[in-house]
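Working notes for the structure below.
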Amino acid sequence: MTPAAAVLTPRADDFPRWYQDVVAKAQLAENGPVRGTMVIRPYGYAIWELLQAELDRRIKALGAHNAYFPLFIPESYLRREAEHVEGFSPELAVVTHGGGKELEEPVVVRPTSETIVNASFARWIQSHRDLPMLINQWANVVRWELRPRLFLRTTEFLWQEGHTAHATDAEAHELARRVLEEVYLDTMRSVMAIPVLTGRKTDGERFAGATTTWTCEGMMGDGKALQMATSHELGQNFARPFDITFSDETGASAFVWQTSWGASTRLVGGLIMAHGDDRGLRLPPRLAPVQVVVLVARADPAVLAEARRLASSLGAAGLRTQVDDRTDVSFGRRVVDWEIKGAPVRLEIGPRDLAEGQAVLVRRDAEGKEPVSLDAAVGTVTRMLDDIHASLLAAADRRRRHDTHEVDTIADAVEASAGGFAVLPALAVDGGGERDLNAAGVSVRCLQRRDGSLPERGDPVTELVAVVARAY
RNA sequence: CGGGGAGUAGCGCAGUGGUAGCGCACCUGCUUUGGGAGCAGGAGGUCGCGGGUUCAAGUCCCGUCUCCCCGACCA
């Protein structure tokens with residue numbers, strides 16, 4: 001019996017309970033006093049900051065600039081786009097009083113910022129020389145949730161939202177897809193080690209106000225899907241009501257074509273559920289606040305000195321390193337702590353190791369330990385971190401393939417969705433098929449080409465497949 | 001909105017009218033420390049709130065508030 005079994009509910013017993021246990025025991029987050037709100041604890045926030053930095057770098061590489069727009073939005077702004085307000089009104093938080101008086105016009109707490117950003121775009125954009133305009137903001141948003149779950153669905157969450165304006169439909173289309181692949185898909189694979197599917201949402205699943213929604217869908221440890229990021233083509237749906245026009249090269253006035261796209265703290269939940277095991281979190285090295293923990297086995301001055309020297313050279317090599325010298329806490333307790341927290345690599349060092357000029361190297365994603373000489377430790381650990389990323393990704397990919405089943409009918413798709421994804425001809429979910437799926441608790445996650453690539457606009461539905469699953 | 005549960009120590013819970021408890025966590029000391037250590041001592045409570053019955057209420061009655069689950073609504 002592994003000690004961790006006494007700490008966490010095994011995943012097979014009760015996956016949601018396991019998830020809650022990990023979030024609590026790894027000290028990632030806890031519930032806030034208002035239902036649906038979340039306190040993100042320092043360790044959880046450190047993961048988010050690392051992820052944020054990766055996304056931010058890629059967003060800026062697209063040519064986008066960060067800005068900040070207000071939390072409060074005039075209610076009238078939301079009403080300007082019919083589908084948009086209809087989609088969001090059930091989950092709006094509305095402020096009716098301020099300064100001790102009832103407001104003449106209520107303000108809503110942003111559920112997303114299309115409207116208020118576009119009110120600025122209308123002023124900022126005059127000429128085709130102002131285009132394309134690529135703006136991103138990091139912010140909190142509020143969507144009143146009835147069934148909240150930490151990180152996955154909270155009433156208030158943190159995210160980035162990109163908003164762009166272009167001279168042509170084709171340009172907006174291309175940008176929405178570049179964001180999906182160059183920002184989101186790439187971050188998920190090469191930072192989060194999660195092999196997501198990409199595709200187009202059905203009309204029923206599309207963002208309120210968008211003409212097309214593109215999505216990244218990940219498979220969690222229980223076979224359910226998680227929508228991990230979306231990128232929308234807005235057409236001219238907002239340009240018209242907000243009057244965002246520009247003079248083109250010929251001097252003619254035209255409405256801009258737009259996109260918007262976002263990824264949130266939900267990704268942290270996805271990270272937990274995609275890689276975690278019965279011993280806790282397993283963090284991909286690029287998102288691990290502590291990549292290497294140097295664990296002092298016994299309270300011994302010589303051991304402690306060596307541990308610190310080792311940590312210092314690991315740190316100098318650019319690895320996020322922490323010495324655990326809490327020798328007033330038992331060794332076993334500290335090992336379990338770091339396993340729950342998902343630190344990718346442990347280096348254990350005690351008097352016996354010191355005598356041999358070595359440390360004991362343990363990787364979180366595999367069984368077994370091996371000695372490593374102190375001289376070689378930095379190089380070995382550095383290589384091992386890359387290898388851990390690769391094997392987490394490979395394992396997740398293997399599981400996704402294994403739990404994805406090709407089927408032909410809605411009934412078979414529902415059955416297959418009990419333990420993973422089902423792929424069936426897109427024609428089958430056209431019209432009534434999607435309703436039947438939804439009635440069974442299964443949803444269309446995305447539409448793809450048969451080879452898994454993104455559909456093009458001209459693709460006939462007969463050439464596409466639908467990926468369906470139960471989802472968070 | 002309908003139905004069903006639950007509010008007792010930081011967390012999880014027991015307590016069927018008679019001194020408010022247990023596990024974990026916390027504090028102190030000693031012994032420990034290579035996979036959640038042991039022993040001893042200690043601190044911590046308006047039992048959700050208000051009223052009532054009773055010699056006596058965490059427990060029974062009435063009211064009220066909050067939270068959770070299922071359904072409905074919504075998507």
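On a predicted model such as this, the values are computed, not experimentally measured, just so you know. Below, chain A is the first sequence line, B the second, and so on; all start at residue 1.
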Pair partner, B:C74 [Watson-Crick or wobble, under 3.5 Å]: none
So what does A:Arg352 touch, heavy atoms closer than 4.0 Å: a base, only the sugar-phosphate, or nothing? base
What is the separation between atom CG on A:Asp21 and atom C1' on B:C24, rounded to the nearest whole Å? 14 Å
To the nearest Å, how far apart are A:Asn31 CG and B:C11 C1'? 13 Å
Whole-Å gap separating P (B:A75) and CG (A:Asp203): 15 Å
Could you tell me if A:Thr213 and A:His232 have a donor-acceptor pair between their side chains, going purely by distance under 3.5 Å? yes
When you check the phosphate oxygens OP1 and OP2 of B:C70, does a side-chain N or O of A:Arg147 lie under 4.0 Å from one of them? yes
B:G42 versus B:G52 - spacing of their C1' atoms, nearest Å: 40 Å
Does any N or O donor sit under 3.5 Å from an N or O acceptor when you compare the side chain of A:Arg346 with the base of B:G35? yes
Provide the Watson-Crick or G-U wobble partner of B:C22, both distances under 3.5 Å; none if there is no partner. B:G12
B:C74 P sits how many Å from A:Leu92 CG, rounded? 17 Å
Partner of B:G17 under the Watson-Crick or G-U wobble criteria, both distances under 3.5 Å, comes out as none
Taking A:Arg363 for its side chain and A:Gly368 for its backbone only, find out whether a donor-acceptor pair lies under 3.5 Å. no
B:C60 - base-pair partner by Watson-Crick or wobble geometry, distances under 3.5 Å: B:G52
Going by atom types alone, do A:Trp257 and A:Glu233 pair a side-chain donor with an acceptor below 3.5 Å? no
A:Glu81 side chain to A:Glu83 backbone, donor-acceptor under 3.5 Å: yes
Strictly by modelled atom types, are A:Asp365 and A:Ser391 linked by a side-chain donor-acceptor pair under 3.5 Å? yes
Pick the P atom in B:C1 and in B:U8, then give their distance to the nearest Å. 25 Å
Rounded to whole angstrom units, what separation is found between the CD atom of A:Glu339 and the C1' atom of B:G35? 8 Å
Whether the side chain of A:Lys369 and the base of B:G35 hold a donor-acceptor pair under 3.5 Å is what I'd like checked. yes
Give a yes or no on whether the backbone of A:Gly350 and the side-chain of A:Asp353 come within a donor-acceptor separation of less than 3.5 Å. yes
How many whole angstroms separate atom CZ of A:Arg334 from atom C1' of B:G34? 10 Å
Judged by modelled atom types alone, do A:Ser443 and A:Arg445 share a side-chain donor-acceptor pair under 3.5 Å? yes
Figure out the CD/C1' separation between A:Glu356 and B:G34, and round it to whole Å. 14 Å
Give a yes or no answer on whether the side chain of A:Arg334 reaches the backbone of A:Asp324 with a donor-acceptor pair at less than 3.5 Å. yes
Rounding to a whole Å, what distance do you find between A:Asp324:CG and B:G34:C1'? 14 Å
Hunt down the Watson-Crick or G-U wobble partner of B:G45, both distances under 3.5 Å, from any strand shown, or write none. none
Grab the N/O contacts between the protein and nucleotides 37-44 of chain B below 3.5 Å, and write none if there aren't any.
{"residue": "B:A37", "atom": "OP1", "partner": "A:Ser330", "partner atom": "OG", "Å": "2.9"}
{"residue": "B:A37", "atom": "OP2", "partner": "A:Ser330", "partner atom": "OG", "Å": "2.5"}

Is there a Watson-Crick or G-U wobble partner for B:C30 with both distances under 3.5 Å, and if so, which one is it? B:G38
B:G7 and B:U59, which share atom name P, separated by this distance in whole Å: 12 Å
Span that lies between the C1' atom of B:G23 and that of B:G44, in whole angstrom: 16 Å
Is A:Arg279 paired with A:Glu367 through a side-chain N to carboxylate O contact shorter than 4.0 Å? yes
Any strand: nucleotide that pairs with B:C67 via Watson-Crick or wobble, under 3.5 Å: B:G5
Would you indicate what A:Asp337 reaches in the nucleic acid, counting non-hydrogen atoms under 4.0 angstrom: base, sugar-phosphate, or nothing? base
Gap in Å between the two C1' atoms, one belonging to B:U53 and one to B:G63, rounded: 15 Å
